[in-house]
Amino acid sequence: MATNLTDFERLWVPKINQILENDIKPDTDQTTLEAAMIYSVNAGGKRLRPLLTLAVLASLGDPIDQTVLKTSCALELMHSYSLIHDDLPAMDNDDLRRGKPTNHVKFGAGMATLAGDGLQPLAFQWLVDNDLDSQTQAELTLALAKAAGPHGMVSGQADDIEFEGTRLSLSGLQKLDRNKTGALIRYAVEAGLIMGRVIPEKRKSLLTFAEKFGEAYQIYDDILDVVGTEAEIGKPVHQDANKNTYPNLLGLAKSYEMLNQTVADAQQALATAREALSIDTSLLNDFTSYFKNKDEK
């Protein structure tokens with residue numbers, strides 16, 4: 001088993017990609033819909049979310065078989081659905097995602113909407129259409145429904161639309177981002193804890209890590225919109241002038257300060273988890289290097 005992030009990615013990203021490239025087709029029976037779904041899922045994402053789930057399991061010392069691997073990939077379907085819908089003309093109206101035309105540019109807004117509509121329930125199907133025990137399936141399904149739904153990601157998307165052009169307080173911005181971005185990242189870690197059969201009372205420190213990692217992820221993305229280039233991050237930049245972002249609220253220098261503090265808080269949560277669960281958290285700690293070395297979302 002790989003013990004650092006570079007080796008871990010080298011081992012697991014090809015296996016994640018193989019599932020996402022091959023396992024959508026058998027569950028669809030409409031050719032254009034299938035093409036639209038596969039197009040966005042396989043448009044070059046980093047696979048950060050399923051990697052987080054697998055990293056939790058590896059840190060716990062749990063084996064990762066094909067069932068666990070595919071179950072972990074369900075989150076990537078949900079994430080891709082959210083990106084397709086975010087890019088639609090009625091929402092962000094973006095033409096570029098990961099350096100490629102967005103789904104609605106390639107397939108039309110109607111088919112893009114349906115591609116997202118297809119990926120969302122397929123994510124839940126992949127959580128239960130397997131040989132995991134029924135308790136694990138139920139916990140995973142409930143956790144993802146909460147993370148993706150109207151008290152999670154969709155709530156954040158609604159705040160993003162409703163409050164565009166206004167200026168939220170810091171607490172309001174943190175709530176928006178905790179839901180829109182952080183909820184699915186938190187679920188990625190929670191799914192590993194569920195499949196690793198960690199009792200709820202022992203999950204707190206790793207879930208705190210997930211929450212802080214998700215917060216840092218959004219702060220960093222907001223910063224990249226200011227300082228990055230389209231070539232570097234694979235999507236249009238300088239798009240957030242009228243949106244609620246950390247640089248717009250706090251300025252760039254204080255945004256960097258908040259990013260550094262949030263990453264430190266995530267690392268401290270891992271130190272707590274290391275003691276509480278008697279595990280090696282170095283692989284999970286390596287994920288925080290994303291904010292130093294990566295230039296794309």
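Along the sequence shown, residues carry numbers from 1.
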For a quick check under 3.5 Å, do Thr102 and Asp94 share a side-chain donor-acceptor pair by atom type?
no
Does a salt bridge link Asp177 with Lys180, judged by any charged N lying under 4.0 Å from a carboxylate O?
no
Distance alone, cut at 3.5 Å: any donor-acceptor contact between the side chains of Ser82 and Gln157?
no
Indicate yes or no for a side-chain donor-acceptor contact from Asp87 to the backbone of Leu96 under 3.5 Å, with no hydrogens or angles considered.
no
Are any non-hydrogen side-chain atoms of Glu215 and Arg178 less than 4.5 angstrom apart?
no
To the nearest 0.5 Å, how far apart are CG in Asn103 and CG in Leu83?
10.5 Å
Does the side chain of Val198 come within less than 4.5 Å of Glu190's, by heavy atoms?
no
Ionic contact status for Arg274 with Asp280, cut-off 4.0 Å:
no
Within the distance-only criterion (no hydrogens, no angle test), does the side chain of Asn285 pair as donor or acceptor with the backbone N or O of Thr281 below 3.5 angstrom?
no
Between Thr53 and Ala188, is there a donor-acceptor pair closer than 3.5 Å when you use the side chain of the first and the backbone of the second?
yes
Tell me, with the steps shown, if Tyr81 and Leu122 meet side-chain contact (heavy atoms from CB on, under 4.5 Å).
CA-CA 10 Å; Tyr81 132 73; Leu122 186 58; over 6 Å; no
Considering only NZ, NE, NH1 and NH2 on the basic side and carboxylate oxygens on the acidic side, decide whether Glu139 and Arg203 come within less than 4.0 Å.
yes
Could you tell me how the ring of Phe213 sits relative to the ring of Tyr290: parallel (under 30°), tilted (30 to 60°) or perpendicular (over 60°)?
tilted
Does Lys106 count as lying over the ring of Tyr39, i.e. NZ or CZ under 6.0 Å from the six-ring centre, within 45 degrees of the axis?
yes
Donor-acceptor under 3.5 Å (Asn130 side chain, Trp126 main chain)
yes
Side-chain donor or acceptor of His85 paired with backbone N/O of Thr113 under 3.5 Å
yes
Do NZ/NE/NH1/NH2 and the carboxylate oxygens of Asp92 and Lys243 come within less than 4.0 Å?
yes
Are the side chain of Arg186 and the backbone N or O of Gly214 linked by a donor-acceptor pair below 3.5 Å?
no
If you count heavy atoms of other groups shown closer than 6.0 angstrom to CG of Asp29, is the number above 12?
no
Any donor and acceptor pair, going by atom type alone, linking the side chain of Glu34 with main-chain N or O of Lys25 inside 3.5 Å?
no
Gln66 and Ile19: CA distance, side-chain angles, deciding distance, side-chain contact (heavy atoms from CB on, under 4.5 Å) verdict:
CA-CA 9 Å; Gln66 194 67 13; Ile19 287 174; 3.6 Å; yes
Rounded to the nearest 0.5 Å, what separation is found between the CG atom of Asp117 and the CE atom of Met37?
10.0 Å
Side-chain (Asp286) to main-chain (Asn4) donor-acceptor, under 3.5 angstrom
no
For Gln18, look at atom CD and say whether over 12 heavy atoms of other residues, nucleotides or ligands are found less than 6.0 Å away.
no
Between Asn244 and Glu164, do the side chains contain a donor N or O and an acceptor N or O under 3.5 Å apart?
no
Please evaluate residues Tyr187 and Met78 with respect to the criterion side-chain contact (heavy atoms from CB on, under 4.5 Å), reporting the C-alpha separation (whole Å), side-chain torsions for both, the decisive distance (0.1 Å), and the verdict.
CA-CA 11 Å; Tyr187 169 82; Met78 186 68 74; over 6 Å; no
Could you tell me whether the side chain of Ser155 and the main chain of Asn179 form a donor-acceptor pair under 3.5 Å?
no
Please enumerate all residues that pass salt bridge (charged side-chain N to carboxylate O under 4.0 Å, His left out) together with Lys70, with sequence neighbours excluded.
Asp23
Taking Thr272 for the side chain and Gln268 for the main chain, is one N or O donor matched with an acceptor at less than 3.5 Å?
yes
Does a side chain donor of either Asp265 or Thr262 reach within less than 3.5 Å of an acceptor in the other side chain?
no
With Gln137 as partner, the option from Leu142, Leu127, Val128, Asp131 fulfilling side-chain contact (heavy atoms from CB on, under 4.5 Å) is Val128
